[in-house]
2 protein chains.
Amino acid sequence: MGIQEIATVTGLSKSTVSRALRGMSSVADTTIDQVRRVADELGYVPSSAAAGLATGRQRAVGVVVPVIDRWFYVQALGGVDAELRRAGYDLVLYNLGGPGGDRDRAFRRSMLRHRVDALVLLSLVLDETERAELELTRHPMVVIGGPAPGLRNVGVDDVVVAAIAVDHLCGLGHREVAYVGGQDEAGMNVAVPWLRRDGFVDAMVAHGLAVREDWILDGRFSFAGGVDAGAALFATAPASRPTAVFCASDEMALGVMLAARRAGLSVPGDVSVLGIDGHEYGEVVGLTTVAQDPVAQGRTAARAVLAELDEGVAGPLPAAPAHLVVRSTTGVPRA
Amino acid sequence: MGIQEIATVTGLSKSTVSRALRGMSSVADTTIDQVRRVADELGYVPSSAAAGLATGRQRAVGVVVPVIDRWFYVQALGGVDAELRRAGYDLVLYNLGGPGGDRDRAFRRSMLRHRVDALVLLSLVLDETERAELELTRHPMVVIGGPAPGLRNVGVDDVVVAAIAVDHLCGLGHREVAYVGGQDEAGMNVAVPWLRRDGFVDAMVAHGLAVREDWILDGRFSFAGGVDAGAALFATAPASRPTAVFCASDEMALGVMLAARRAGLSVPGDVSVLGIDGHEYGEVVGLTTVAQDPVAQGRTAARAVLAELDEGVAGPLPAAPAHLVVRSTTGVPRA
DNA sequence: ATGAAAGCGCTAACAC
DNA sequence: GTGTTAGCGCTTTCAT
C-alpha cells in the first residue's frame with residue numbers, strides 16, 4: 001500500500017512512480033496516467049510523514065489562537081484556512097484554551113514538533129521565553145491583530161480605529177462619552193484591549209474632552225459583559241449619564257444596546273452606541289461601527305507565511321483597512 | 001539538531017536517547033536527566049514526521065467542518081480540541097468552506113494523507129464515494145450532530161428535541177405555531193435541518209394540530225435569516241399570525257425576536273419564541289430554548305476516537321442530553 | 001540499562 | 001524519460 005507496490009505493479013521504479021504521482025513534467029504523460037490509475041485501484045494513500053521527512057516540508061501551517069470562540073478569531077481562522085487550502089496546505093490548530101488552558105504546554109510540546117512549516121499567531125503577544133522557543137524552529141511567523149514586537153503583523157491600527165470612532169462621536173457633538181472595553185484576558189496577553197483604550201483616551205484628549213475614570217468599563221469583550229457594563233452606566237441619574245458609549249467590540253456594543261433598552265433609553269435618541277468590528281449581528285440591528293475585515297487579514301497572513309516559505313521573502317505586509325460604517329445607533333446628543 | 005547530536009554529546013546511543021526522551025522506565029533516571037538537559041541546551045526539537053514514519057502514528061486527529069463560522073461548530077471544535085490537547089494530540093482542521101469550497105478536494109487530497117490518526121466529522125453526511133475514500137484509511141471516525149449511516153455518532157436526537165419544544169408550546173396552550181428552520185446548505189449535506197423540521201411536523205400532528213405550509217420558513221440558520229423569516233411572519237394581519245414561533249436554532253430565534261419587536265409585537269405577550277441550542281446570547285436576552293452542550297459533544301467524540309485508537313474499542317457512545325430551558329420568551333397565547 | 005542495526009515511505013541527487 | 005542509490009530522523013527488535 002505504498003509507492004513501492006505501485007512500482008511493482010507497473011514495473012516502474014519507485015522514483016518514477018513518485019514523480020508521476022506528483023505530475024512532474026519529466027515523466028511521460030502515459031506513464032503518469034498509468035501510475036495514477038494503478039494508484040487508484042490499489043487505494044493508495046500517500047504518507048505525509050514520509051514525504052515530510054524526506055523533504056523537510058510538512059505542507060502544513062499552524063494557527064495559534066488564545067481561545068477559539070470569539071468572532072474575530074473564527075473569522076480570521078476562516079481566512080487563513082481558505083488561503084492555505086488554496087495552496088494545498090493543511091492547517092493545524094493550536095488553541096491555548098484561554099485562562100484555563102496550559103499555555104506553556106502548547107508552546108513547548110506540540111508546536112515545536114516540526115509538524116508545521118510556519119505559524120500564524122492570533123492576537124498574541126509572546127513573552128521572551130516563548131519567542132525564543134519559537135525562533136528555535138526558524139519558522140516563518142506572522143501575527144494577526146495586535147502588534148508583535150519583533151514579528152511581522154497584519155491588523156488594523158487599534159489606536160487609529162479608536163480615534164475614528166471618537167472623531168465620529170465628537171463630530172456629532174458628543175462630549176460625554178464612555179468606553180466599554182476589556183482587560184487582558186487572564187494570562188492570554190492580548191494587547192488589543194489596551195491599545196483601543198489608549199486610543200480612546202488619546203483621541204478624547206485631542207478633542208479637549210475629559211475622560212472620566214468611572215466611564216471606562218470592562219465589558220469582557222462579550223455580549224453579556226456589554227449588557228453588564230451598559231446596565232452599570234445607565235443605572236445613574238440622567239444628568240450623570242454619558243451621551244455616547246464607545247465599545248471596543250461590536251459584541252459588547254450589542255450588549256450595551258440591550259442594556260439601554262432595558263433601562264428605557266432610546267438609541268440613539270438618549271444615547272449613541274458605537275462598536276468596532278463589523279459583526280454580522282451589528283449589520284442587522286443597525287449598529288454603527290468601525291469595521292475591519294478579519295477574513296481578509298487571515299488571508300493576508302497566510303499568504304505572507306506561504307510566500308516566505310516558497311520564496312524566502314518576508315516583505316512588508318499591507319495595512320489592514322478599517323472604516324467607519326455609520327448606521328443608526330449614533331446621532332446627535334440629546335439637548 | 002537531531003537525536004543523533006544528543007547521542008554524540010552524551011556519549012550514548014541513539015536508541016537510549018530516544019528512550020530517555022520518552023521517559024521510558026528501562027532507562028536509568030540519571031540518564032534521563034542528562035539526556036533531557038543536553039536536549040534542552042542543544043535546543044532539540046523532535047520531528048513528528050520521523051516519529052510518525054517510524055511508529056505509524058501521527059498523534060493528530062482531523063476535524064472536518066462544513067463551515068467554520070457557526071456557533072455550534074465552534075463550540076464543538078473547542079470541545080474536541082480540549083480533549084485532544086489533554087491527550088497530547090494535535091488537531092488538524094479541515095474546513096470544507098461551505099458551498100463555495102471544494103469539498104472533493106478536501107476529502108481526497110488532504111485528509112487521506114495519513115496526516116491524522118482519526119477523524120471527527122461535524123454534522124456531515126457523507127455520500128458513498130466519500131465514505132469509501134475515508135474507509136480506505138481505516139481511521140477511527142465519529143460524527144457529531146447528525147445521524148451518520150454506518151458511522152458512530154454523538155449528538156442529540158433532533159426529532160426528540162423538536163418534540164420537546166412543541167410539547168412545551170402546546171402545554172402552554174399554543175395551537176398555531178410556525179417553524180423557522182433551514183435548508184440543506186448547498187452541497188454541505190447536513191441532515192440536522194431536515195430532522196428538526198420532521199420532528200416539528202410529527203410532534204404537531206401528534207398533538208392533533210395542523211401544520212401550515214406557509215408557516216414553515218427558511219431562516220438560513222442565521223440571525224439575519226431569522227429576522228427575515230420573522231418579518232415575513234409578522235407582516236400579516238394579527239388574526240393570521242401564529243401565536244408561537246419555534247426556531248431550529250437560537251440564532252434564528254434571536255432574529256425572530258428582533259423582527260417581532262420591529263413589528264411592534266411583544267414577546268411573549270403577542271407571540272412566543274423558542275429556539276434550540278443554548279446560545280450565550282439567548283441566555284442574556286431570556287430566550288427559552290432546548291439546550292444542548294456542543295462542547296461536551298466534542299469532548300465525547302474526541303474521547304471516543306482516542307479510545308478506539310488506544311484500546312481498539314469502538315463501544316457505543318453516550319447519548320447527548322438536551323433539555324428545555326424555560327426563560328421569558330414563551331408564555332400562554334394571547335386570548 | 002544500553003547498543004547495533006534494520007526499517008518506516010518517501011524524495012532527491014546523480015547516472016543512464 | 002527512467003532507474004539507482006542514499007538518506008530524512010526517528011523507533012524498535014534483538015543482542016548484550
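The structure displayed is predicted, hence computed values, not measured ones. In what follows, chains carry the letters A, B, and so on, assigned in the order in which the sequence lines appear, proteins first and then strands, with residues in each chain numbered from 1.
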If you pin Val27(A) and Ala54(B) to their nearest nucleotides in DNA chain D, which one's is more 5'? Val27(A)
Under the side chain to side chain donor-acceptor pair (under 3.5 Å) rule, what pairs show up with a residue in residues 307-320 of chain B, not counting sequence neighbours? Arg152(B)-Glu308(B)
Whole Å only: how far is the CG atom of Leu42(A) from the P atom of dG9(C)? 14 Å
Listed partners of Arg19(B) passing salt bridge (charged side-chain N to carboxylate O under 4.0 Å, His left out), at least two apart: none
Whole Å only: how far is the CD1 atom of Ile32(B) from the C1' atom of dA1(C)? 11 Å
Between Thr30(B) and Thr55(B), who's closer to the 5' end of DNA chain C by nearest nucleotide? Thr30(B)
Got a sec, which residues hit side-chain hydrogen bond (donor to acceptor under 3.5 Å, both in side chains) with Arg86(A), two or more places apart in sequence or on another chain? Glu83(A)
For DNA chain D, which nucleotides open and close the run of contacts to chain A, 5' to 3', at under 4.0 angstrom from a non-hydrogen atom? dG1(D) to dG9(D)
Atom-to-atom span, CD of Gln4(A) to P of dT11(C) - whole angstrom: 13 Å
Arg85(B)/Asp81(B) salt bridge by N-O under 4.0 Å criterion: yes
Within residues 14-24 of chain B, which residues have any heavy atom lying less than 4.0 Å from an atom of DNA chain C? Ser15(B), Thr16(B), Arg19(B)
Identify whether any heavy atom of Ser26(B) sits under 4.0 Å from a base atom; if not, whether one sits that close to sugar-phosphate; answer base, sugar-phosphate or nothing. base
Determine whether a donor-acceptor pair (N or O, by modelled atom type, separation under 3.5 Å) exists between the side chain of Arg59(B) and the backbone of Ser48(B). no
Across all chains, not counting sequence neighbours, the side-chain contact (heavy atoms from CB on, under 4.5 Å) partners of Ala20(A) are Val27(A), Ile32(A), Val35(A)
Salt-bridge test for Arg115(B) and Asp90(A): reply yes if a basic N is under 4.0 Å from a carboxylate O, no otherwise. yes
To the nearest angstrom, the CZ-C1' distance between Arg57(A) and dA12(C) comes to 15 Å
Would you give the length of the straight line joining atom CD1 of Ile6(A) to atom OG1 of Thr16(A), rounded to the nearest 0.5 angstrom? 12.0 Å
Checking the side chain of His139(B) only, and the main-chain atoms of Leu134(B) only, is there a donor and an acceptor separated by less than 3.5 Å? no
Separation of dC8(C) atom C1' from Leu53(A) atom CG, nearest Å, is 9 Å
Send over the distance from Gln58(B) CD to dG9(C) C1', rounded to a whole Å. 11 Å
